[in-house]
Amino acid sequence: MSNSEYEGHIVSQYHLYRLNHLFNLKRQWLSKDPLLIDDFKESKTIEQELANLGNTKLTFNESLCFNDLKKRYSELSILEKSISRDSNKFFDQTRQKMNANLDYIMLNLDSIANAKFTKRKQLLKTKSKSLYTNKLLLNMEIAFLIVIGIIVQMVIFYPWKP
């Protein structure tokens with residue numbers, strides 16, 4: 001794992017953490033009074049964090065989860081805008097849909113985090129194999145140099161007489 005790859009993982013983990021935190025705040029805000037969802041001041045921050053996470057390097061599976069996450073977030077935004085216009089008859093349905101979207105969003109965030117964790121684990125495993133191989137080669141070089149040194153000493157101190 002190169003240094004920039006490692007930094008990319010750290011940055012994306014930070015954005016995932018921030019999004020997880022912000023969506024939990026949104027869920028709490030929604031549970032208090034969904035009619036005040038327009039007063040939730042973190043919506044711009046969520047959009048910015050989504051954009052930042054989208055700018056990081058994502059694998060194919062992470063991209064699929066991220067695209068679903070964006071789709072669910074846009075659906076949630078539409079539901080938020082419609083909640084103030086809904087009659088009391090549809091209010092509970094809309095609230096349930098919003099909670100379901102938040103559940104899917106949290107699942108997508110978990111899926112991306114797990115994919116990142118798995119990839120990082122694979123990269124660390126590959127690095128440890130590489131490190132083991134390098135260590136083995138170094139030991140072989142040292143052994144070879146010792147054997148060459150012994151041969152040179154034998155030639156110097158015990159010259160070969162025909």
Side-chain angles (χ1 to χ4, degrees), residues 1-140:
M1 181 180 335
S2 68
N3 204 21
S4 63
E5 221 175 335
Y6 177 75
E7 289 171 3
H9 278 284
I10 298 297
V11 168
S12 61
Q13 282 179 332
Y14 171 75
H15 294 306
L16 285 169
Y17 166 76
R18 290 279 300 146
L19 283 168
N20 196 359
H21 176 70
L22 291 167
F23 281 118
N24 277 322
L25 286 176
K26 187 173 269 251
R27 185 184 296 269
Q28 289 174 357
W29 191 267
L30 178 64
S31 68
K32 289 180 183 176
D33 189 0
L35 292 174
L36 297 176
I37 199 69
D38 290 336
D39 295 337
F40 187 71
K41 295 176 179 22
E42 300 298 331
S43 293
K44 290 285 184 200
T45 309
I46 289 174
E47 291 169 11
Q48 184 63 43
E49 288 297 329
L50 281 172
N52 290 341
L53 182 61
N55 291 335
T56 62
K57 187 175 179 183
L58 299 173
T59 63
F60 178 73
N61 289 337
E62 292 167 352
S63 294
L64 290 176
C65 291
F66 181 70
N67 289 334
D68 191 43
L69 172 71
K70 287 193 308 187
K71 183 182 112 185
R72 296 289 180 173
Y73 180 68
S74 64
E75 289 174 9
L76 182 66
S77 297
I78 291 168
L79 288 170
E80 287 173 3
K81 291 173 185 164
S82 72
I83 201 165
S84 58
R85 295 176 295 196
D86 282 347
S87 63
N88 289 335
K89 179 179 168 185
F90 298 113
F91 179 76
D92 286 333
Q93 284 180 324
T94 306
R95 187 176 187 167
Q96 287 175 349
K97 287 179 185 176
M98 290 173 76
N99 279 322
N101 270 333
L102 281 169
D103 289 340
Y104 282 120
I105 286 170
M106 298 308 280
L107 284 173
N108 283 325
L109 287 172
D110 285 343
S111 296
I112 295 170
N114 284 333
K116 290 246 176 242
F117 177 74
T118 303
K119 179 168 179 168
R120 192 167 184 191
K121 198 171 165 182
Q122 288 172 343
L123 287 171
L124 286 174
K125 192 174 183 181
T126 304
K127 285 292 185 179
S128 68
K129 283 182 183 178
S130 175
L131 185 62
Y132 174 76
T133 304
N134 286 341
K135 193 174 181 181
L136 179 67
L137 288 173
L138 178 66
N139 288 338
M140 287 175 58

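Remember, predicted model here, so these are calculated numbers, not experimental data. Just the heavy atoms: all of them, side chains too, but no hydrogens, waters or symmetry mates, feed the values below.
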#### Entry: Contacts of Lys97 that satisfy side-chain hydrogen bond (donor to acceptor under 3.5 Å, both in side chains) - sequence neighbours left out
none
What is the distance from atom [atom1] of [X] to atom [atom2] of [Y], rounded to the nearest 0.5 Å?
{"X": "Leu79", "Y": "Asn99", "atom1": "CG", "atom2": "CG", "value": "10.5 Å"}
{"X": "Ser63", "Y": "Asn61", "atom1": "OG", "atom2": "CG", "value": "8.5 Å"}
{"X": "Lys70", "Y": "Glu47", "atom1": "NZ", "atom2": "CD", "value": "12.0 Å"}
{"X": "Lys129", "Y": "Lys125", "atom1": "NZ", "atom2": "NZ", "value": "5.5 Å"}
{"X": "Thr56", "Y": "Gln13", "atom1": "OG1", "atom2": "CD", "value": "11.0 Å"}
{"X": "Leu137", "Y": "Tyr132", "atom1": "CG", "atom2": "OH", "value": "10.5 Å"}

### Message
If we ignore hydrogens and angles and just use 3.5 Å, is the side chain of Ser111 paired with the main-chain N or O of Leu107 as donor and acceptor?
### Response
yes
### Task
Answer yes or no: is there an ion pair linking Arg27 with Asp103, defined by an N-O contact shorter than 4.0 Å?
yes
Between [X] and [Y], which heavy-atom pair has the shortest distance, and what is it?
{"X": "Phe66", "Y": "Leu50", "answer": "CZ-O, 3.2 Å"}
{"X": "Ile112", "Y": "Cys65", "answer": "CG1-CB, 3.5 Å"}
{"X": "Leu69", "Y": "Asn108", "answer": "N-ND2, 3.4 Å"}

### Message
Does Lys71 form a side chain to side chain contact (heavy atoms under 4.5 Å, CB included) with Asn67? I'd like the steps, not just the answer.
### Response
CA-CA 6 Å; Lys71 183 182 112 185; Asn67 289 334; over 6 Å; no
#### Entry: Test log, rule side chain to side chain contact (heavy atoms under 4.5 Å, CB included), inputs Gln28 and Leu25
CA-CA 5 Å; Gln28 289 174 357; Leu25 286 176; 3.9 Å; yes
Using residues 16-24 as the side-chain source, report each donor-acceptor pair under 3.5 Å to any protein atom, sequence neighbours left out, with the distance given to one decimal.
from  : atom 1 : to    : atom 2 : distance (Å)
Asn20 : OD1    : Asn24 : ND2    : 3.3
Asn24 : ND2    : Asn20 : O      : 3.2

### Task
State which residue, out of Lys57, Lys119, Lys116, fulfils the side-chain hydrogen bond (donor to acceptor under 3.5 Å, both in side chains) condition with Glu62.
Lys116
### Task
Go through the steps to decide whether Leu76 and Lys26 satisfy the test side chain to side chain contact (heavy atoms under 4.5 Å, CB included), and finish with yes or no.
CA-CA 11 Å; Leu76 182 66; Lys26 187 173 269 251; 3.8 Å; yes
